[in-house]
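Note sheet for the following structure.
Along the sequence shown, residues are numbered consecutively beginning with 1.
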Amino acid sequence: MFRKKVIAGNWKMNKTATEAVALAKDIIGEVGRETSVDIVLCPPFTALAAVAHVLEGQAVKLGGQNMHPEKSGAYTGEVSAEMLRTLYVTHVILGHSERRTYCGETDAFINKKVLAALAHELKPILCVGETLAEREAGSTLAVVQRHVEGGLAGVKPEQITTVIIAYEPVWAIGTGKVATTAQAQEVHAFIRDLLTKLYGTTLAQKVRILYGGSMKPANAAELLAEKDIDGGLIGGASLEARSFIDLVKAADAAK
Ligand code: PGA
């Protein structure tokens with residue numbers, strides 16, 4: 001089954017609008033028209049409009065890092081799916097572990113966002129993954145199952161292939177401690193099996209499952225060669241054009 005690889009840069013709370021434009025320009029200078037890999041840049045909200053302008057006419061896509069499930073209203077500090085759409089945003093990261101940890105986001109709340117994103121034709125990048133304590137307690141697969149099933153509740157078969165899932169073991173995020181390819185592949189295969197139970201083989205084979213957690217050019221080829229690893233959600237290594245471009249090239253080579 002051919003699944004187009006995805007390389008998504010999660011810039012987190014980094015880059016002013018000016019810095020974001022400079023980084024986006026450096027990236028499109030080399031891979032702007034690359035179509036063999038789906039490339040998504042996710043700058044902070046304050047830089048979306050400026051980066052959208054840079055990406056005009058390019059193949060590179062724009063993503064938000066979060067959104068609120070409601071359409072509008074008294075939700076100070078939040079933005080809606082529609083607001084993102086008007087800035088030419090096509091993807092949105094949902095349920096990132098930093099939001100689960102620091103903002104108390106639950107699977108039920110993340111699920112509302114997934115459904116709202118799909119209703120507005122935004123492609124969710126749903127993040128799932130266990131903490132170190134959960135891994136050490138032997139509950140990795142149970143946690144991942146809860147995150148996947150909770151996040152996808154009510155997602156219809158005709159919508160599932162627009163969802164991207166990112167498996168991000170929390171202990172590997174920003175720590176330099178990458179999961180071994182065997183550890184990552186085990187969880188990716190488990191997620192694929194879960195999707196097969198929920199949606200059947202044909203649809204489950206089409207869903208892209210990304211790995212995230214200290215992925216960089218030096219370890220990407222090995223991870224991307226695994227059967228169920230369809231790309232990467234990249235934090236640290238996406239903040240510098242050279243390493244991000246090298247990751248895109250690694251995904252292209254692994255296709
Ligand atoms: P990292 O972050 O690549 O810096 O580990 C990945 C993520 O949190 O999406």
Side-chain angles (χ1 to χ4, degrees), residues 4-67 77-96 98-99 117 120-127 162 164 166 168 173-174 208 210-220 224 230-255:
K4 195 171 179 183
K5 296 257 191 290
V6 181
I7 295 291
N10 174 10
W11 296 0
K12 308 192 179 184
M13 197 173 72
N14 296 291
K15 308 287 176 189
T16 62
T18 311
E19 291 164 350
V21 163
L23 177 55
K25 281 185 176 161
D26 285 348
I27 291 168
I28 63 164
E30 261 197 71
V31 295
R33 294 183 188 278
E34 175 69 59
T35 52
S36 64
V37 176
D38 282 338
I39 306 169
V40 189
L41 304 184
C42 306
F45 290 142
T46 47
L48 283 172
V51 173
H53 194 61
V54 176
L55 298 186
E56 223 182 300
Q58 306 289 329
V60 176
K61 301 280 192 292
L62 188 61
Q65 296 177 14
N66 178 38
M67 55 164 250
E78 297 287 345
V79 304
S80 70
E82 191 187 348
M83 291 170 186
L84 294 177
R85 287 276 297 161
T86 57
L87 294 177
Y88 306 100
V89 168
T90 53
H91 293 68
V92 61
I93 298 171
L94 297 174
H96 191 280
E98 284 148 20
R99 295 204 60 86
H120 288 86
E121 294 178 348
L122 282 173
K123 297 179 174 66
I125 301 176
L126 171 64
C127 301
T162 54
I164 295 171
E168 300 204 308
I173 296 177
R208 272 89 57 89
L210 316 185
Y211 170 79
S214 299
M215 191 163 170
K216 42 178 82 66
N219 57 34
L224 293 168
D230 306 313
L233 179 56
I234 323 292
S238 72
L239 295 174
E240 195 253 314
R242 189 67 259 156
S243 48
F244 188 72
I245 290 163
D246 286 347
L247 284 162
V248 172
K249 292 189 170 160
D252 180 48
K255 72 177 189 287

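Looking at Phe244 and Leu23, their side chains never come closer than 4.5 Å, going by heavy atoms from C-beta outward. The shortest side-chain heavy-atom distance between Pro43 and Leu62 falls under the 4.5 Å cut-off. Side-chain atoms of Met13 and Pro44, non-hydrogen and from C-beta on, never get closer than 4.5 Å to each other. Side-chain atoms of Met215 and Leu210, non-hydrogen and from C-beta on, never get closer than 4.5 Å to each other.
Among the candidates Asp230, Asp38, Thr35, the single residue satisfying the side chain to side chain donor-acceptor pair (under 3.5 Å) test with Lys4 is Asp38. The one candidate from Ile125, Leu84, Leu126, Val40 that meets the side-chain contact (heavy atoms from CB on, under 4.5 Å) condition with Val92 is Leu84. Shown are Ile245, Val248, Leu247; of these, the side-chain contact (heavy atoms from CB on, under 4.5 Å) with Pro217 is made only by Leu247.
Evaluation of the salt bridge (Lys or Arg N to Asp or Glu O under 4.0 Å) test over residues 233-245, restricted to residues two or more places apart or in two chains, returns Glu30-Arg242, Arg242-Asp246. Contacts classified as salt bridge (Lys or Arg N to Asp or Glu O under 4.0 Å) and involving residues 15-27 (residues at least two apart or in different chains) are not found.
More than 12 heavy atoms of other residues, nucleotides or ligands sit less than 6.0 Å from atom CZ of Phe45.
The minimum heavy-atom distance linking Pro124 with Ala117 is given by the pair CG-CB, 4.2 Å. The two atoms that bring Leu233 and Cys127 nearest to each other are CD2-SG, 3.8 Å, heavy atoms only. Considering every non-hydrogen atom in both Trp11 and Gln65, the closest pair reads C-NE2, 3.8 Å. Considering all non-hydrogen atoms of both residues, Ser238 and Gly9 come closest at CB-CA, 3.6 Å.
Judged by distance alone, the side chain of Ser243 and the main-chain N or O of Ala237 form a donor-acceptor pair under 3.5 Å.
Residues forming a salt bridge (charged side-chain N to carboxylate O under 4.0 Å, His left out) with Lys123 (at least two apart in sequence, or on another chain): none. Here Thr86 pairs with nothing under the side-chain contact (heavy atoms from CB on, under 4.5 Å) rule; sequence neighbours left out. Ala81 pairs by the side-chain contact (heavy atoms from CB on, under 4.5 Å) definition with Met67, His120, Leu122, not counting sequence neighbours.
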What donor-acceptor contacts under 3.5 angstrom involve side-chain atoms of residues 48-61, with partners at least two apart or in another chain?
unit_1	atom_1	unit_2	atom_2	d
Lys61	NZ	Ala59	O	3.3

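A distance of 11.0 Å separates CG in Leu41 from CG in Asn10, rounded to the nearest 0.5 Å. One finds the CG atom of Asn66 at 11.5 Å from the CD atom of Glu98 (value rounded to the nearest 0.5 Å). Atom CD1 of Ile39 sits about 12.0 Å away from atom CZ of Arg33, to the nearest 0.5 Å.
In this model, a donor atom of one side chain and an acceptor atom of the other lie less than 3.5 Å apart for Glu34 and Ser36.
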